[in-house]
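Every number for a ligand or one of its atoms is a count from 1 in the order of the listing. Fair warning: this is a prediction, and the values are worked out from it, not measured in the lab.
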Amino acid sequence: MKVDLLTIFPEFFSGPLDSSILKRAIQSEKVRINLVNIRDFARDKHKTTDDVPFGGGGGMVMMIEPLYHALESVVEKKQEKIIMTSAWGRRFSQDMAKELSTLKHLVLICGHYKGVDQRIKELFPMEEVSIGDYVLSGGEFASLVMLDAVVRLIPGVLGNFESAVTDSFYEGILGYPQYTRPAEFMGLKVPEVLLSGDHQKVRLWRKKQALKMTFITRPDLLEQKELSEEDRKLLKEI
Ligand code: ADE
């Protein structure tokens with residue numbers, strides 16, 4: 001997958017792109033990230049990318065011109081998926097991450113200031129995406145969150161794909177509790193079933209725990225999920 005990442009703070013990404021899963025994905029060429037500095041497309045000598053809003057009011061608005069030219073430099077066919085981070089966009093989700101992980105080319109714009117000149121959306125069709133109901137100081141934080149969630153789902157990026165399949169949200173519910181050695185610590189024992197070696201029992205126990213955690217902390221997820229017979233039976237027991 002190729003990702004064009006448009007930002008006015010390219011340096012923001014140097015640490016995160018050089019660590020952990022993102023670093024490995026880049027090194028193994030599963031993903032190629034092209035950082036585009038929107039400032040490079042500003043025409044004035046001060047490299048201005050923002051201005052005061054027409055109609056007054058506080059804050060600054062990202063100007064259309066530098067962003068237009070930055071987009072023009074990476075978008076060839078206008079069929080590319082373009083996403084712009086925005087506090088009032090569609091809510092990012094695991095389903096969206098799965099969908100995006102299948103793309104060959106993604107253009108991600110880090111929105112800024114009080115917003116972006118609205119006309120850019122007429123010139124380049126794009127989707128605005130929010131990572132949650134809170135306001136960040138810049139779209140770079142949101143882009144990084146999305147990038148990480150998407151890239152780890154690209155086949156071959158995680159050493160063991162199993163670990164994405166058993167993630168929280170993968171099946172629309174939260175994950176199950178995990179334990180590792182030692183089997184006992186300060187009198188606290190690992191649940192017996194996990195030591196039993198009975199895979200079917202372990203699977204059912206984990207599913208029940210996942211349903212229970214979801215029921216307690218995120219009942220909204222259960223309302224959206226298509227429940228199997230087995231799910232229903234386990235939920236009744238809970
Ligand atoms: N920019 C500011 N806040 C944001 C949010 N919650 N999600 C995406 N982009 C943002």
Side-chain angles (χ1 to χ4, degrees), residues 1-17 19-22 31 33-39 41-42 47-68 70-71 74-75 80-103 105-154 167-169 174 217-218 220-221 224:
M1 173 193 265
K2 180 183 180 200
V3 181
D4 290 303
L5 193 47
L6 278 60
T7 171
I8 53 167
F9 296 120
E11 69 279 6
F12 179 94
F13 295 93
S14 50
L17 294 185
S19 320
S20 189
I21 304 288
L22 284 172
V31 64
I33 295 177
N34 174 35
L35 276 169
V36 178
N37 190 346
I38 300 169
R39 253 180 237 290
F41 296 85
K47 300 281 175 201
T48 311
T49 56
D50 63 326
D51 207 339
V52 292
F54 279 124
M60 300 295 272
V61 176
M62 194 181 254
M63 294 161 71
I64 191 167
E65 238 192 317
L67 184 53
Y68 175 83
L71 278 168
V74 294
V75 172
E80 288 88 344
K81 176 84 182 168
I82 307 178
I83 287 186
M84 180 160 65
T85 61
S86 159
W88 48 86
R90 180 156 77 103
R91 178 81 69 85
F92 187 62
S93 65
Q94 187 69 14
D95 280 344
M96 214 189 290
K98 270 192 240 176
E99 224 177 279
L100 296 177
S101 72
T102 64
L103 295 177
H105 189 185
L106 170 66
V107 180
L108 199 48
I109 308 168
C110 303
H112 250 271
Y113 312 112
K114 278 281 176 199
V116 173
D117 190 312
Q118 186 70 15
R119 293 168 294 180
I120 195 68
K121 295 167 214 166
E122 290 175 42
L123 297 172
F124 285 96
M126 62 181 71
E127 186 171 12
E128 288 176 89
V129 178
S130 159
I131 62 161
D133 290 342
Y134 37 78
V135 179
L136 300 166
S137 59
E140 282 72 18
F141 294 95
S143 287
L144 201 49
V145 167
M146 286 195 260
L147 199 59
D148 183 72
V150 169
V151 167
R152 64 191 294 285
L153 295 179
I154 297 173
D167 277 344
S168 283
F169 299 112
L174 304 183
T217 55
R218 292 291 307 275
D220 56 304
L221 293 175
Q224 291 158 27

Flag the pair Asp133 and Arg91 as a salt bridge only when some basic side-chain nitrogen lies within less than 4.0 angstrom of an acidic carboxylate oxygen.
yes
Give me the residue, atom name and distance of the protein heavy atom closest to atom 7 (N) of ligand 1.
Ile131 N, 3.0 Å
When you measure from the side chain of Thr85 to the backbone N and O of Gly111, does any donor-acceptor pair fall under 3.5 Å?
yes
Aromatic rings Phe141 and Phe12: how do their planes relate, parallel, tilted or perpendicular, breaks at 30° and 60°?
perpendicular
Numbered atoms of ligand 1 (with element) below 4.0 Å of Val135, judged on heavy atoms:
3 (N)
Quick one: does ligand 1 sit under 4.0 Å from the side chain of Ser137, the backbone, both or neither, non-hydrogen atoms only?
neither
In this structure, atom 8 (C) of ligand 1 is nearest to the protein heavy atom Ala142 CB, 3.4 Å
Got a donor-acceptor contact below 3.5 angstrom from the Ser130 side chain to the Gly132 backbone?
yes
Which residue and atom name correspond to the protein heavy atom nearest atom 1 (N) of ligand 1, and how close is it?
Ala87 N, 3.9 Å
Mark yes when over 12 heavy atoms from residues, nucleotides or ligands other than Lys114 sit less than 6.0 Å from its NZ; otherwise mark no.
no
Which residue owns the protein heavy atom closest to atom 6 (N) of ligand 1, what's the atom, and how far is it?
Tyr134 O, 2.8 Å
Mode of Ser130 contact toward ligand 1 - side chain, backbone, both, neither (heavy atoms, under 4.0 Å):
both
Among protein heavy atoms, which sits nearest to atom 3 (N) of ligand 1, and what does the distance come to when rounded to 0.1 Å?
Leu136 N, 2.9 Å
So for ligand 1, is Val129 a polar contact partner (N or O within less than 3.5 Å, distance only)?
no
Within ligand 1, which atoms have a heavy atom of Ser86 less than 4.0 Å away?
7 (N), 8 (C), 9 (N), 10 (C)
Ligand 1 contact by Gly132, heavy-atom criterion under 4.0 angstrom
yes
Just to be sure I read this right, does ligand 1 sit under 4.0 Å from the backbone of Asp133, its side chain, both, or neither, counting only heavy atoms?
neither
What closest approach, in Å, do Ser143 and Cys110 show between heavy atoms, and which atom pair accounts for it?
OG-SG, 3.2 Å
For Val31 and Val150, what are the C-alpha separation, side-chain angles and deciding distance, and is it a side-chain contact (heavy atoms from CB on, under 4.5 Å)?
CA-CA 10 Å; Val31 64; Val150 169; over 6 Å; no
Look at the side chain of Ser20 and the backbone N and O of Leu22, then say whether any donor-acceptor pair between them is shorter than 3.5 Å.
no
